[in-house]
Protein chains: 4
Amino acid sequence: MPKVGMQPVRRQQLIDATIESVAELGLRATTINSISKKAGLSSGIISHYFGGKQGLIEATVRYLLSNLKQVLLGGLKADTTPEQRLMLIVEANFSRLQQQSNATKTWLSFWAQSMHDIELHRLQNVNSKRLSSNLACSYKQLMNIEDARNAAQLSAAMIDGLWLRAVLSKSDEDEFEHCEQLAKGYVRSLIKQYGS
Amino acid sequence: MPKVGMQPVRRQQLIDATIESVAELGLRATTINSISKKAGLSSGIISHYFGGKQGLIEATVRYLLSNLKQVLLGGLKADTTPEQRLMLIVEANFSRLQQQSNATKTWLSFWAQSMHDIELHRLQNVNSKRLSSNLACSYKQLMNIEDARNAAQLSAAMIDGLWLRAVLSKSDEDEFEHCEQLAKGYVRSLIKQYGS
Amino acid sequence: MPKVGMQPVRRQQLIDATIESVAELGLRATTINSISKKAGLSSGIISHYFGGKQGLIEATVRYLLSNLKQVLLGGLKADTTPEQRLMLIVEANFSRLQQQSNATKTWLSFWAQSMHDIELHRLQNVNSKRLSSNLACSYKQLMNIEDARNAAQLSAAMIDGLWLRAVLSKSDEDEFEHCEQLAKGYVRSLIKQYGS
Amino acid sequence: MPKVGMQPVRRQQLIDATIESVAELGLRATTINSISKKAGLSSGIISHYFGGKQGLIEATVRYLLSNLKQVLLGGLKADTTPEQRLMLIVEANFSRLQQQSNATKTWLSFWAQSMHDIELHRLQNVNSKRLSSNLACSYKQLMNIEDARNAAQLSAAMIDGLWLRAVLSKSDEDEFEHCEQLAKGYVRSLIKQYGS
DNA sequence: CATGAATGAGTATTCATTCAT
DNA sequence: TATGAATGAATACTCATTCAT
C-alpha cells in the first residue's frame with residue numbers, strides 16, 4: 001500500500017521506535033531490526049529514509065534536542081521575569097524524562113556515544129552551550145557578568161548532575177520531581193547570593 | 001612463553017588494555033581483539049583469565065572503582081578536619097582522569113552501559129552511594145543531620161555534574177582543574193551556609 | 001537476488017545440503033559453512049530460516065523421518081495382506097539408503113547424537129516406536145497378541161541390526177539388497193513359526 | 001612428583017576418563033579438558049602419552065575392543081559345547097554395558113565416528129568380523145557350512161540390533177537382560193532349525 | 001513506496017596443540 | 001615426568017546493507 005506524502009509520518013515513526021528501543025535495550029543492543037519491528041515496518045525502510053542506521057541515530061538525537069528547545073521556547077512569554085525564566089529552564093531540562101515514557105536512558109546512551117562520534121558530539125555540544133548561554137542570559141539581568149557566567153556554569157552542572165544521578169539510580173518520577181526542586185532551590189540561592 | 005606466577009601480571013595487562021580501548025574506541029567498538037592487541041596478547045587469553053569479555057569488563061569496572069576508593073583512603077590521615085576531608089573527596093573524584101591518561105571516557109561508557117547491565121549497575125550504585133555517604137559523614141560533623149544529608153546530595157550532584165560536563169566537552173587538564181576548584185568552592189559555601 | 005516464495009525452496013536446499021554434508025564429513029565435522037557452501041548459499045541464511053545450526057539439524061532429522069513414513073504409507077494399498085504389509089515395512093526401512101545417494105551415514109550420525117540431545121532422542125524414539133507398532137499391528141492379524149509383540153520386537157531388531165552392519169561395513173547396494181532379503185526371510189520364518 | 005614407571009598407570013587413567021567423558025557428554029562434546037579433568041591430570045599429559053586427542057580416542061577404542069575379546073576368551077574352557085560357546089558369545093557382547101557403568105553410549109559414538117575415520121573403521125571392522133567368524137565357527141559344528149554362515153550373519157545382526165535398540169531407548173539393566181535372553185533364544189531357534 | 005530475502009564481514013567463544021618450566 | 005600458560009585457527013552467530021520485486 002504505497003502512499004504519497006508518507007515521508008514525515010514514516011520518519012517520525014522510526015524516530016519514536018529508536019527512542020523506545022535505545023531506552024529499552026541500550027544503544028549497543030539496538031539493531032535495525034529491533035527498531036523496525038517496534039515501528040511495525042520493514043528493516044529496509046531505514047536505509048530508504050535515513051541512509052542507514054547511523055543516519056537514523058543522528059536524526060533521533062536531533063529530534064530530542066529540538067524537542068528540548070521547543071519545550072523551553074514554548075514556556076517563554078513576553079512578560080516573564082528573569083527568575084521565572086531560570087525556573088523554566090530547569091523545568092525544561094527535567095522534562096527530558098517525560099517526552100517519552102522513559103527517554104531518559106536514551107539521553108545517557110547518546111551522551112556516552114558522543115565521546116566517539118563526531119556528529120553526535122557536535123550536536124551535544126550545541127545543546128550544552130545553549131543551556132549555559134540561556135542560563136547566563138537570565139542571570140546577567142540579575143547580577144554582574146562575571147558572577148552571571150559563574151552562576152550559569154554552576155547551575156548547568158547542578159542540573160545535569162542531579163539529573164544524571166537520578167537517571168543512574170533508576171529513580172521514579174517523584175524522585176525526579178524532588179531533584180527538580182533541589183535544582184530550583186540552588187538557582188534561587190545563587191540569585192540571593194550574587195543578586196544585586 | 002608460559003611462565004608461572006603470571007596470573008596477576010596478565011590480568012592487569014588486560015584490564016589496562018581494556019581501559020585504553022574503551023577510552024579510545026568506546027565500549028561499543030571495543031572488541032576482544034582490540035583489547036588483546038593492545039595488551040600484546042592473544043584473544044584466547046581473555047577467556048582463560050576472565051571467562052569472557054563480560055568478565056573482563058566487570059573486572060575493569062571493579063578495578064576503576066577500587067582505585068577511586070584507594071585514592072580516597074590514601075589521602076586520609078588521622079588529624080584531618082571535616083573540611084579537609086571534604087576537599088579530599090572532591091579531589092579524589094576529579095582524579096578519576098589522572099589514573100590513566102584518559103580513563104574519563106571509560107567511566108562515562110560504563111555509566112551508560114550500567115542502565116542495561118545488572119552487574120554494572122550494582123557496582124555503579126555502590127560507588128554512587130559511597131560518595132554520598134562519605135560526604136554526609138563529614139558534613140554531619142559541621143551541621144545538623146538533615147542539612148548534612150541535603151548538602152551531601154547537592155555536593156555529589158555538583159561534583160558529578162561538573163565532571164560530566166568537563167568530560168563531555170573534552171576539556172583539557174586546566175579546565176578540569178578549574179572545575180575541581182568550583183566544586184570545592186561550592187562545598188565551602190554549603191559549609192558556610194548551613195554550618196553552625 | 002531476493003525473490004518471493006523462496007522459503008520452501010531454500011529450506012529444502014539447506015536440508016539436502018545438510019544430509020550431504022553429514023554423510024560426507026560426519027555430524028561432527030559438519031559446519032554451518034560446509035552446509036551453506038554445498039547449498040550454494042551464504043552462511044547467514046541458515047539463521048534466517050532455521051534460527052541456527054541446531055534448528056537445521058532438527059529439521060533435517062524430521063525430514064528424514066517423515067520421508068521414511070511417506071515411503072511406507074505410499075506402498076500401502078487397500079487390499080494388501082498382513083504378510084505383504086510386513087514386507088513393505090522391511091522394504092521401506094531398507095530404502096533409507098536410496099532417498100539420497102548416501103543418507104545412510106546420516107542416519108547413523110543422528111542416532112549417536114540422539115544419546116546426548118533431547119530433541120533428537122525424542123524424534124528418534126517416535127520413529128523407533130512406529131516401526132515396532134507397525135510391525136506388531138500386522139503380526140496381530142497372523143498370531144496371538146503375545147507372540148505378535150515378540151515377533152515385532154525381534155523383527156525390528158533384525159531389521160536395524162542387518163541395516164546397521166551393512167552401513168558400518170560400507171556395503172554396496174547389492175549387499176543391502178541381500179540384507180533386505182534376509183530380513184524378509186526372517187519375517188516369513190516368524191510368521192510360519194507362530195502363525196496360526 | 002615425577003615418578004618412573006607411571007606410563008601404564010597414566011595411560012589407563014586417561015582411557016578410563018575418555019570412556020566416562022564420551023559416555024556422559026558424547027564424542028562431540030568431549031574435549032581434552034573434560035578428559036584430563038576427569039582423570040585428575042593436566043591437559044598436556046595427553047599429548048605426552050598419546051600424541052594428541054586422536055591418539056587417545058584410538059587407544060580407547062582399541063582398549064574397548066580388546067576388552068570385549070578378553071571377556072570372550074575368558075569364558076571359554078576346553079570342554080564347552082558349541083551351543084555353550086554361542087551363548088558365551090552373546091553374553092560377552094551384551095556385557096559391553098557392564099565394563100564401565102555406562103560405556104554403551106561410548107560404543108555407539110565410536111561406531112558413528114568410524115564412518116568418517118579410517119583407523120576407527122578398521123578397528124571396528126576387525127571386531128565385527130570377529131563376531132561373525134566366532135559365531136560361524138561354532139555353528140559349523142552344528143550344521144553345514146552354508147547354513148552356518150547364514151546363521152552367523154543373522155545372529156550377529158540380531159545381537160547388534162537388540163543391543164542397539166536397547167541403547168537408543170536408554171533401557172535399564174533389566175531390559176538389557178531381557179534382550180540378552182531374546183538373543184540367546186534366537187540362537188537356539190537357529191540351531192534347532194538348521195541343526196542336524 | 002515498501003518489503004524482506006540474501007549477503008558476508010565481524011564478533012565472542014572454544015579448544016587442540018605447543019612448550020617453558 | 002608433569003604442568004598449565006599461551007596461542008590462534010575454527011565455529012556459530014549477528015546484523016547493517018543491498019536490491020529485486
Once rounded to the nearest 0.5 Å, what's the spacing between atom OG1 of A/Thr18 and atom NZ of A/Lys53? 9.5 Å
With a 4.0 Å cutoff (strictly under), does any side-chain N or O of C/His48 reach OP1 or OP2 of E/dA6? no
Tell me which of D/Ile32 and B/Thr30 sits closer to the 5' end of DNA chain E, going by the nucleotide each one is nearest to. B/Thr30
Here's a test of your reading of the structure: between C/Gly52 and B/Ser43, which maps to the more 5' nucleotide of DNA chain F? B/Ser43
Whole-Å distance between F/dT1 P and D/Phe50 CZ? 14 Å
Toward the 5' end of DNA chain E, which comes first, B/Ile46 or D/Lys53, by nearest nucleotide? B/Ile46
So, is C/Ser42 close to the E/dT7 phosphate, meaning a side-chain N or O under 4.0 Å from OP1 or OP2? yes
Salt-bridge present (D/Glu119, D/Arg62; N to O < 4.0 Å): yes
What is the distance from CG of C/Asn33 to P of E/dT7, rounded to the nearest Å? 13 Å
In Watson-Crick or G-U wobble terms, both distances under 3.5 Å, what is the partner of F/dA10? E/dT13
Rounded to whole Å, how long is the line connecting atom NZ of B/Lys37 with atom P of E/dG10? 12 Å
Distance below 4.0 Å between B/Arg10 side-chain N/O and F/dA5 OP1 or OP2: no
Check: C/Ser43 side chain, C/Ile32 main-chain N or O, donor-acceptor pair, under 3.5 Å: no
Below the 4.0 Å mark, does F/dA5 have OP1 or OP2 next to a side-chain nitrogen or oxygen of B/Tyr49? no
Contact summary for B/Trp111 and A/Leu108, nearest pair of heavy atoms: O-CD2, 4.1 Å
Please report the distance, rounded to the nearest Å, between CD1 in D/Ile45 and C1' in F/dT1. 7 Å
Heavy-atom closest pair (D/Arg28 atom, C/Leu27 atom, distance to 0.1 Å) is NH2-O, 3.9 Å
Whole angstrom is fine here: how far is it from CD1 in B/Ile57 over to P in E/dA12? 9 Å
Sugar-phosphate only, base, or nothing, as touched by C/Thr31 at under 4.0 Å among non-hydrogen atoms: sugar-phosphate
Just how far, in rounded Å, is P of E/dA16 from CD1 of D/Ile35? 8 Å
Would you kindly give the CZ-to-P distance between C/Arg28 and E/dA16, to the nearest whole Å? 7 Å
Answer with base, sugar-phosphate or nothing: what part of the nucleic acid does A/Gly44 contact at a heavy-atom distance below 4.0 Å? base
Counterpart base for F/dT21, defined by Watson-Crick or G-U wobble contacts under 3.5 Å: E/dA2
Specify the separation, in whole Å, of atom CD of A/Gln13 and atom C1' of E/dC1. 13 Å
